[in-house]
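Any value given below was found using the heavy atoms of this structure, including those in side chains, with hydrogens, waters and symmetry copies removed.
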Amino acid sequence: MIRSLTLLLVTLLLAAPALGAELDGTLKRIKATNTITFGYREFARPFAFVGDDGKPAGYSVELCTRIAASIAKELALPSLQVKWVKVTAENRIQAVVNGTVDLECGSTTASLSRQEQVDFSLMTFLDGGSLLVTDASGVRGISTLGGKRVGIVPGTTTEKALAAVLKKHAVTATVVPLKDHAAGVAALDNRMIDAYASDRTILIGMGRTSKNPEKLSLVEEFFSYEPHGFVLKRVDAGFRLSVNRALAAMYRSGEVVPIFEKSFGSMSTAGPLIAAMYLINGLPE
């Protein structure tokens, strides 16, 4: 009996360093620096934007704030510092790759081509590409874009999807590259473009910031499928697990509901796909 207990104690002592060694990559650095760095886009309302108080706000920002709290608890860091860094559609992936940010908290589509460079969390939202148009343009969908000017942010999945659907329907339109969504709203307001293409939920938020929202319309048509996820480095399984554990817990417990409703309205009107997304991604411990 004593010999068995001795062997058990020796085994545990030998295992202790190995358990400590399991903390590596991003989690190890967060533990050492007491800081986690999130990237966010300032013009991706309602997912991420600069609030009236000058601080990051939005659905994705709130989810990441809770992820930070979960990781702080996991690493026993009661005063974990959260640093927010602005990123753009063009540099958000590179910001994760080069370590400028630990996690990009926005509205990035989890595409297979992007997974050649980075990894993604569990799904955080489900959306689709659509069009915000000026009423004067007469645009009612993809088939009516012939000869029209369509704004787009380069380097996005929407850009690729739009090009593919225009080709599929043999529609010739002038694609106008724009810096960001704010530039898209301005271009619509100033009649520099007839339509702006992006994820439908972002287009809704854009319309609310227009100088003349009553002169803009959101078309009913979707031309792409856009599953969102938070961006993190590849080959960082420990950090990805911590992020996913926090998200799954929010989905299972229903904590995500008030976060969703704050940005998008009542969950009862969200539709079955969003509810199913939370259910499927609420993985058990």
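Heavy atoms only, all atoms of each residue included: Ala187 and Leu178 are closest at CB-CD1, 4.2 Å.
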**Request:** For the pair Tyr278 and Met267, evaluate side chain to side chain contact (heavy atoms under 4.5 Å, CB included) and give the outcome as yes or no after the intermediate values.
**Result:** CA-CA 11 Å; Tyr278 288 138; Met267 179 67 79; 3.6 Å; yes
**Asked** Passes side chain to side chain donor-acceptor pair (under 3.5 Å), Glu104 versus Thr108? Steps please.
**Response** CA-CA 8 Å; Glu104 191 265 337; Thr108 302; 2.7 Å; yes
**Asked** side chain to side chain contact (heavy atoms under 4.5 Å, CB included) between Leu166 and Thr172: does it pass, once the steps are laid out?
**Response** CA-CA 7 Å; Leu166 288 174; Thr172 302; over 6 Å; no
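Without hydrogens or angle criteria, Arg45 side chain to Gly58 main chain gives no donor-acceptor distance under 3.5 Å. Although no hydrogens or angles enter the test, the distance criterion places no donor-acceptor pair under 3.5 Å between the side chain of Glu62 and the main chain of Ala57. Arg41 places no side-chain N or O within 3.5 Å of a backbone atom of Cys105 that could act as its donor or acceptor partner. A donor-acceptor pair is defined here as one N or O able to donate and one able to accept, closer than 3.5 Å; such a pair exists between the side chain of Thr209 and the backbone of Met206. At least one donor-acceptor pair closer than 3.5 Å links the side chain of Ser130 to the backbone N or O of Glu221. Put simply, the side chain of Ser137 gets close to the backbone of Val139: a donor and an acceptor are under 3.5 Å apart. Here the side chain of Ser263 pairs no donor or acceptor atom with the backbone of Phe260 at under 3.5 angstrom. At distances below 3.5 Å, not a single donor-acceptor pair connects side-chain atoms of Asp189 with backbone N or O atoms of Ser210. Under the 3.5 Å distance criterion, the side-chain polar atoms of Arg114 are matched with a main-chain donor or acceptor of Thr109. At distances below 3.5 Å, at least one donor-acceptor pair connects side-chain atoms of Thr35 with backbone N or O atoms of Thr33.
Linking Ile, Leu, Val, Met, Phe, Trp and Tyr whenever their side-chain heavy atoms come within less than 4.5 Å puts Tyr59 and Leu273 in one cluster. Ile152 and Leu203 are assigned to two separate hydrophobic clusters, defined by single-linkage of ILVMFWY side chains at heavy-atom distances under 4.5 Å. Using a 4.5 Å cut-off between side-chain heavy atoms of Ile, Leu, Val, Met, Phe, Trp and Tyr, with links allowed through other members, Phe120 and Met277 fall into different hydrophobic clusters. Note: the hydrophobic cluster containing Val96 does not contain Leu103 (ILVMFWY, side chain heavy atoms under 4.5 Å, direct or indirect links).
Taking CD1 of Ile193 as the start and CG of Leu188 as the end, the distance is 4.0 Å to the nearest 0.5 Å. One finds the OG atom of Ser79 at 4.5 Å from the CG atom of Asn34 (value rounded to the nearest 0.5 Å). Atom-to-atom distance recorded for Leu241:CG and Ser121:OG is 12.5 Å, nearest 0.5 angstrom. The CG atom of Leu126 sits 5.0 Å away from the OH atom of Tyr225 when rounded to the nearest 0.5 Å. A distance of 7.5 Å separates CE of Met250 from OG of Ser70, quoted to the nearest 0.5 Å. For the atom pair CZ (Arg252) and CG (Asn281), the distance works out to 11.5 Å, reported to the nearest 0.5 Å.
Within the 4.5 Å cutoff, the side chain of Tyr251 has no heavy atoms near those of the Leu279 side chain. A 4.5 Å side-chain heavy-atom check between Asp102 and Phe38 finds every atom pair outside the cut-off. Counting only heavy atoms from C-beta outward, the side chains of Leu247 and Ile67 approach each other to under 4.5 Å. With a 4.5 Å cut-off on side-chain heavy atoms, Thr124 and Phe47 do not count as touching. Within the 4.5 Å cutoff, no side-chain heavy atoms of Glu159 are placed close to those of Val153.
For Thr201, the side chain to side chain donor-acceptor pair (under 3.5 Å) partners two or more places apart in sequence, or in a different chain, are Asp127. Scanning for salt bridge (charged side-chain N to carboxylate O under 4.0 Å, His left out) contacts around Lys28 gives an empty result, with sequence neighbours left out. For Asp194, the salt bridge (charged side-chain N to carboxylate O under 4.0 Å, His left out) partners are Arg149, not counting sequence neighbours. Under the side chain to side chain donor-acceptor pair (under 3.5 Å) criterion, Asp180 pairs with no residue, sequence neighbours left out. Applying the side-chain contact (heavy atoms from CB on, under 4.5 Å) test to Lys31 and every residue at least two apart in sequence or in another chain returns Leu23, Leu75, Ala76, Leu77. Considering only residues two or more places apart in sequence or on other chains, Glu255 meets the salt bridge (charged side-chain N to carboxylate O under 4.0 Å, His left out) condition with Arg66. In terms of the side chain to side chain donor-acceptor pair (under 3.5 Å) criterion, residue partners of Asn98 (sequence neighbours excluded) are, by chain and number, Thr100. With sequence neighbours excluded, no residue forms a side chain to side chain donor-acceptor pair (under 3.5 Å) with Glu220.
Ring pair Phe125/Phe230: centre-to-centre distance not below 6.0 Å. Residues Phe49 and Phe43 keep their aromatic ring centres 6.0 Å or farther apart.
Residue pairs satisfying the ring pair (Phe, Tyr, Trp, His ring centres under 6.0 Å) criterion with at least one member in residues 154-175, sequence neighbours excluded, are absent. Counting only residues at least two apart or on different chains, no disulfide bond (SG atoms under 2.5 Å apart) pair has a member in residues 119-231. Residue pairs meeting the side-chain hydrogen bond (donor to acceptor under 3.5 Å, both in side chains) criterion with at least one member in residues 236-250, sequence neighbours excluded, are Thr26-Asp236, Glu74-Ser242, Asp119-Arg240, Arg245-Glu285. Judged as a ring pair (Phe, Tyr, Trp, His ring centres under 6.0 Å), the pairs with a partner in residues 178-219 (not counting sequence neighbours) are, in order, His181-Tyr196.
Between Thr157 and Glu226, the side chains place a donor N or O and an acceptor N or O closer than 3.5 Å (distance only, hydrogens not considered).
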